[in-house]
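By convention here, the first residue in the shown sequence is residue 1.
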Amino acid sequence: MDRSKPKDYLILTIIACFCPAWPINIVGFVYSIMSRNSLEQGNIDGARRLGRVAKLLSVVSLVGGAVIFIACAVNLSMFKYCYFSPVDIQLFF
């Protein structure tokens with residue numbers, strides 16, 4: 001069994017907090033803090049397990065944020081090709 005200091009991935013979770021998938025990255029940040037606290041209490045296995053969950057949630061958040069950014073960019077780039085005539089606008093109201 002490897003008894004080296006487990007990673008808590010705090011930097012990764014902080015970077016993931018800037019992505020728009022905010023519920024996932026906040027939970028990942030909490031798991032990272034819990035991993036750090038478990039290590040300070042001497043629970044190495046718990047710290048390793050919580051660190052893996054923090055890493056997983058951060059990666060999911062980063063991928064989800066990239067998908068959201070790409071979807072917004074595609075949506076906004078398609079909007080400039082969409083022209084409404086005054087008749088179309090009246091149909092909305």
Side-chain angles (χ1 to χ4, degrees):
M1 194 78 167
D2 186 24
R3 291 292 177 184
S4 62
K5 179 182 172 186
K7 295 182 180 181
D8 57 5
Y9 300 101
L10 185 62
I11 301 297
L12 180 65
T13 57
I14 290 172
I15 292 171
C17 284
F18 292 104
C19 286
W22 60 267
I24 298 170
N25 52 26
I26 298 294
V27 174
F29 181 73
V30 169
Y31 270 96
S32 177
I33 298 298
M34 288 170 46
S35 172
R36 182 169 282 204
N37 290 340
S38 291
L39 183 63
E40 288 176 358
Q41 293 175 357
N43 186 2
I44 296 174
D45 293 330
R48 186 172 287 119
R49 179 180 51 84
L50 292 168
R52 280 194 303 253
V53 173
K55 179 176 76 170
L56 174 70
L57 291 172
S58 297
V59 169
V60 167
S61 175
L62 289 170
V63 170
V67 168
I68 290 171
F69 279 134
I70 291 170
C72 288
V74 168
N75 189 20
L76 291 176
S77 68
M78 296 299 287
F79 184 69
K80 68 180 180 180
Y81 298 113
C82 183
Y83 298 107
F84 291 109
S85 68
V87 175
D88 293 334
I89 294 174
Q90 288 177 358
L91 292 175
F92 289 118
F93 297 108

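One distance of note links OG1 of T13 with CG of L57; it measures 10.0 Å at 0.5 Å rounding. Rounding to the nearest 0.5 Å gives a distance of 9.5 Å between CD of E40 and CG of D8. Interatomic distance, OG of S35 versus CZ of R49, reported as 9.5 Å (0.5 Å rounding).
One hydrophobic cluster holds both L56 and V53 under the rule that ILVMFWY side chains link at heavy-atom gaps under 4.5 Å. Cluster annotation: I24 is connected to V27 through the hydrophobic network of ILVMFWY side chains, with a link wherever side-chain heavy atoms come within less than 4.5 Å.
S38 places a side-chain N or O within 3.5 Å of a backbone atom of M34 that can act as its donor or acceptor partner. Without hydrogens or angle criteria, N25 side chain to A16 main chain gives a donor-acceptor distance under 3.5 Å.
Y9 places none of its side-chain heavy atoms less than 4.5 Å from the side chain of S58. L12 has its side chain within reach of L62: a pair of non-hydrogen atoms, C-beta onward, lies under 4.5 Å apart. At a threshold of 4.5 Å between non-hydrogen side-chain atoms, the residues I33 and L10 count as touching.
Taking Ile, Leu, Val, Met, Phe, Trp and Tyr as hydrophobic and joining them when side-chain heavy atoms fall under 4.5 Å apart, one finds I26 isolated, its cluster having no other members.
When all heavy atoms are compared, the tightest approach of S61 to C19 is O-CB, 3.9 Å. Here the shortest heavy-atom pairing between G28 and A54 reads O-CB, 3.5 Å. The two residues P20 and G65 come nearest to each other via the heavy atoms CD-CA, 3.7 Å.
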